[in-house]
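Below is one structure, written out as structure tokens; the observations come after it.
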Amino acid sequence: MELDQRKVVILTTIIKNYLETGEPVGSRTISKYSGLNLSSATIRNEMSDLEEMGYIVQPHTSAGRIPSDKGYRFYVDQLMENHKHEIEDVKSEMFEKVDRLETTLQNLVRNLASNTNYAAMVTGPSVHTNKIKFIQASIVDEHRLLLVIMMQGNIVRTATVRIDEADDLDLNSILSINMLLNDELDGLTGAEITEDKKAEIYARTSFRKTVEGIMEMITSTLSLEKGDLKIYTSGATNIFKYPELTDTENAAKLISALEQKDDLVELVHDVNADVEKSKRQIQVYIGKESPLQNMADCSVVTANYEIGNGIRGTIGVIGPKRMDYEKVLEILSRLQDEMDDAFNI
């Protein structure tokens with residue numbers, strides 16, 4: 001006997017209700033929550049079939065049903081399969097976007113430097129301020145878990161996490177951990193996983209040490225990975241047009257900052273942190289307000305762009321403190337809108 005769609009709906013309803021209430025699930029509850037227009041007798045017949053197939057069990061006479069290990073396994077596999085299909089559906093579209101974006105960014109930074117007569121930079125899209133979409137932990141062996149983190153844009157990261165010796169984990173406990181993590185973290189960015197949020201999660205589990213290890217891995221995975229960030233620059237020689245920046249030492253420091261991408265990554269990291277705090281997508285740093293000491297004699301204006309699914313990049317202009325702020329802000333605001341419209345499809 002195979003699971004047809006009706007049996008899948010009934011089994012899923014039983015599992016979801018049991019996970020929520022901890023109580024055996026009867027035909028009346030299934031009729032109410034499954035969306036199936038079936039009589040109680042028909043539902044009971046389907047439940048009998050599911051029990052015979054080993055997906056549910058009846059804990060005692062006259063009680064409803066609860067999931068078996070086989071039922072839990074089917075439910076978890078279905079979750080993973082659904083997310084796998086989502087990835088396949090958008091993969092070609094996302095690759096097309098990225099290829100088109102590479103050319104756009106290279107042209108954009110050259111035009112920005114030319115139109116402003118200042119130095120310009122733009123980053124490729126970053127996934128590190130992205131939101132969590134789905135988390136799945138699975139037992140590898142008695143000492144390790146495999147952690148799968150799916151983010152918006154269908155970007156997947158995997159890692160292994162050590163199981164604490166004090167935690168005796170089985171399929172049911174792993175399922176409860178997965179439900180807890182998805183309930184608490186769905187839709188959050190790394191910056192939104194605060195210590196208070198972690199404390200809420202720890203208070204809801206009896207497997208604290210293992211969950212602490214999972215949370216540490218999640219926050220580490222969502223943090224900025226410098227090697228993943230592409231940065232394009234143009235117009236570095238424009239700084240020689242401004243006498244206050246042509247001092248040999250200052251010019252050398254500024255050119256070095258523009259050439260050494262690690263410095264610019266730090267700049268972008270700090271800019272994104274300021275964006276999260278202020279919720280302003282355009283940031284202006286004047287003189288020593290700049291996150292980089294090498295740019296203390298300059299002004300830096302940045303704007304974030306979105307390409308859809310929460311994936312973000314940064315455009316920046318670097319010039320003297322007597323920069324034409326009105327012109328720069330107007331150009332960046334226009335570019336921001338154009339990028340959003342071009343790629344947020």
Side-chain angles (χ1 to χ4, degrees), residues 1-87 89 131-139 145 147-150 152 167-188 197 199-208 210-211 214-215:
M1 190 184 302
E2 294 184 358
L3 280 181
D4 57 28
Q5 185 57 36
R6 191 160 71 181
K7 287 184 174 62
V8 169
V9 172
I10 291 174
L11 176 58
T12 302
T13 302
I14 292 172
I15 293 173
K16 287 184 175 180
N17 275 270
Y18 182 67
L19 289 173
E20 183 175 342
T21 66
E23 298 291 334
V25 182
S27 59
R28 187 174 300 176
T29 300
I30 294 171
S31 177
K32 181 178 179 180
Y33 291 104
S34 67
L36 296 174
N37 187 20
L38 300 174
S39 67
S40 294
T42 300
I43 292 175
R44 285 194 294 270
N45 288 335
E46 295 286 2
M47 291 169 69
S48 295
D49 289 343
L50 287 169
E51 186 173 2
E52 184 178 338
M53 297 165 71
Y55 288 101
I56 57 176
V57 295
Q58 189 173 27
H60 51 83
T61 307
S62 300
R65 277 27 172 223
I66 65 174
S68 66
D69 287 355
K70 183 178 179 180
Y72 281 128
R73 170 50 55 194
F74 176 83
Y75 179 66
V76 171
D77 288 346
Q78 285 289 106
L79 288 176
M80 294 302 295
E81 187 66 22
N82 289 341
H83 286 288
K84 177 182 176 181
H85 286 318
E86 288 180 15
I87 294 173
D89 289 342
K131 295 181 180 180
I132 293 172
K133 186 174 180 181
F134 180 72
I135 296 170
Q136 176 71 42
S138 304
I139 296 176
L145 293 174
L147 184 65
V148 178
I149 307 170
M150 179 181 286
Q152 286 185 344
D167 293 337
D168 184 17
L169 300 182
D170 58 16
L171 183 60
N172 289 343
S173 53
I174 287 296
L175 187 59
S176 70
I177 290 173
N178 285 329
M179 297 295 288
L180 169 63
L181 293 176
N182 284 285
D183 182 48
E184 291 284 353
L185 300 179
D186 179 41
L188 297 187
K197 171 56 70 175
E200 291 178 16
I201 293 173
Y202 299 151
R204 291 182 56 188
T205 181
S206 56
F207 307 104
R208 172 158 182 157
T210 297
V211 172
I214 292 174
M215 290 302 301

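Note: hydrogens, waters and symmetry copies are ignored here, and every other heavy atom, side chains too, is used. Count residues from 1 along the sequence.
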remark   = Closest heavy-atom pair, Arg65 versus Ser48, reported as atoms and distance to 0.1 Å, is NH2-OG, 4.1 Å

ask   = Which value, rounded to the nearest 0.5 Å, describes the distance between Ser31 atom OG and Arg44 atom CZ?
value = 10.5 Å

ask   = Under the side chain to side chain contact (heavy atoms under 4.5 Å, CB included) criterion, do Asp183 and Arg204 qualify, and how do the steps go?
value = CA-CA 11 Å; Asp183 182 48; Arg204 291 182 56 188; 2.9 Å; yes

query = Is any side-chain heavy atom of Thr210 closer than 4.5 Å to a side-chain heavy atom of Leu145?
reply = yes

Salt-bridge contact Arg208-Asp167 (side-chain N to carboxylate O under 4.0 Å) = no

inquiry  = For Ile14 and Asn17: C-alpha separation, side-chain torsions, deciding distance, then whether side chain to side chain contact (heavy atoms under 4.5 Å, CB included) applies.
reply    = CA-CA 5 Å; Ile14 292 172; Asn17 275 270; over 6 Å; no

ask   = Under a 4.5 Å cut-off applied to non-hydrogen side-chain atoms, are Met150 and Gln136 in contact?
value = no

inquiry  = Testing the basics here: between Ile66 and Pro24, what is the closest heavy-atom pair and its distance to 0.1 Å?
reply    = CG2-CA, 3.7 Å

ask   = When rounded to the nearest 0.5 angstrom, what distance separates OG in Ser138 from CD1 in Ile174?
value = 7.5 Å

note = Minimal heavy-atom distance between Met215 and Leu185, with the atoms involved, is SD-CD1, 3.9 Å

message = Does Lys16, at its NZ atom, have more than 12 non-hydrogen atoms belonging to other residues, nucleotides or ligands within less than 6.0 Å?
response = no

request  = Over all heavy atoms of both residues, which pair between Val9 and Thr13 is shortest? Give the atoms and the distance, please.
outcome  = O-OG1, 2.8 Å

query = At what distance, to the nearest 0.5 angstrom, does CG of Leu36 lie from OG1 of Thr42?
reply = 10.5 Å

query = Can you tell me if CD on Glu200 sees more than 12 non-hydrogen neighbours from other groups inside 6.0 Å?
reply = yes

request  = Using a cut-off of 6.0 Å, state whether more than 12 heavy atoms not belonging to Asn37 lie near its atom CG.
outcome  = no

query = Tell me, do Ile177 and Phe207 make a side-chain contact under 4.5 Å, heavy atoms counted?
reply = yes

ask   = Distance from Leu19 atom CG to Leu180 atom CG, nearest 0.5 Å?
value = 12.0 Å

query = Are Asp186 and Lys133 close enough for a salt bridge, meaning some N to O gap below 4.0 Å?
reply = no

request  = Look up atom CZ in Arg6 and atom CD1 in Ile43, then write down how far apart they are to the nearest 0.5 Å.
outcome  = 9.0 Å

inquiry  = What verdict does the side chain to side chain contact (heavy atoms under 4.5 Å, CB included) test give for Asn182 and Phe134, after you've listed the backbone C-alpha separation in whole Å, the side-chain angles of each residue and the deciding distance to 0.1 Å?
reply    = CA-CA 6 Å; Asn182 284 285; Phe134 180 72; 3.5 Å; yes

query = Run the side-chain hydrogen bond (donor to acceptor under 3.5 Å, both in side chains) check on Ser176 and Ser173 step by step: do they pass?
reply = CA-CA 5 Å; Ser176 70; Ser173 53; 5.7 Å; no

request  = Taking the side chain as every heavy atom from C-beta outward, state whether Val8 and Phe74 have any pair of such atoms under 4.5 Å apart.
outcome  = yes

inquiry  = As an exercise, state the distance from CD1 of Ile56 to CE of Met47, rounded to the nearest 0.5 Å.
reply    = 5.0 Å

remark   = In terms of heavy-atom contacts, Tyr18 and Val25 come closest through N-CG2, 3.9 Å

request  = Look only at the side chain of Asn178 and the backbone of Ala137, and say whether a donor-acceptor pair between them is shorter than 3.5 Å.
outcome  = yes

message = How about CG on Asp170, more than 12 heavy atoms from neighbouring residues, nucleotides or ligands closer than 6.0 Å, or not?
response = yes

ask   = Would you call Leu3 and Met53 a side-chain contact if the rule is heavy atoms closer than 4.5 Å?
value = yes

inquiry  = If you compare all heavy atoms of Glu46 against all heavy atoms of Ile10, which two are closest, and at what distance to 0.1 Å?
reply    = CB-CD1, 3.5 Å

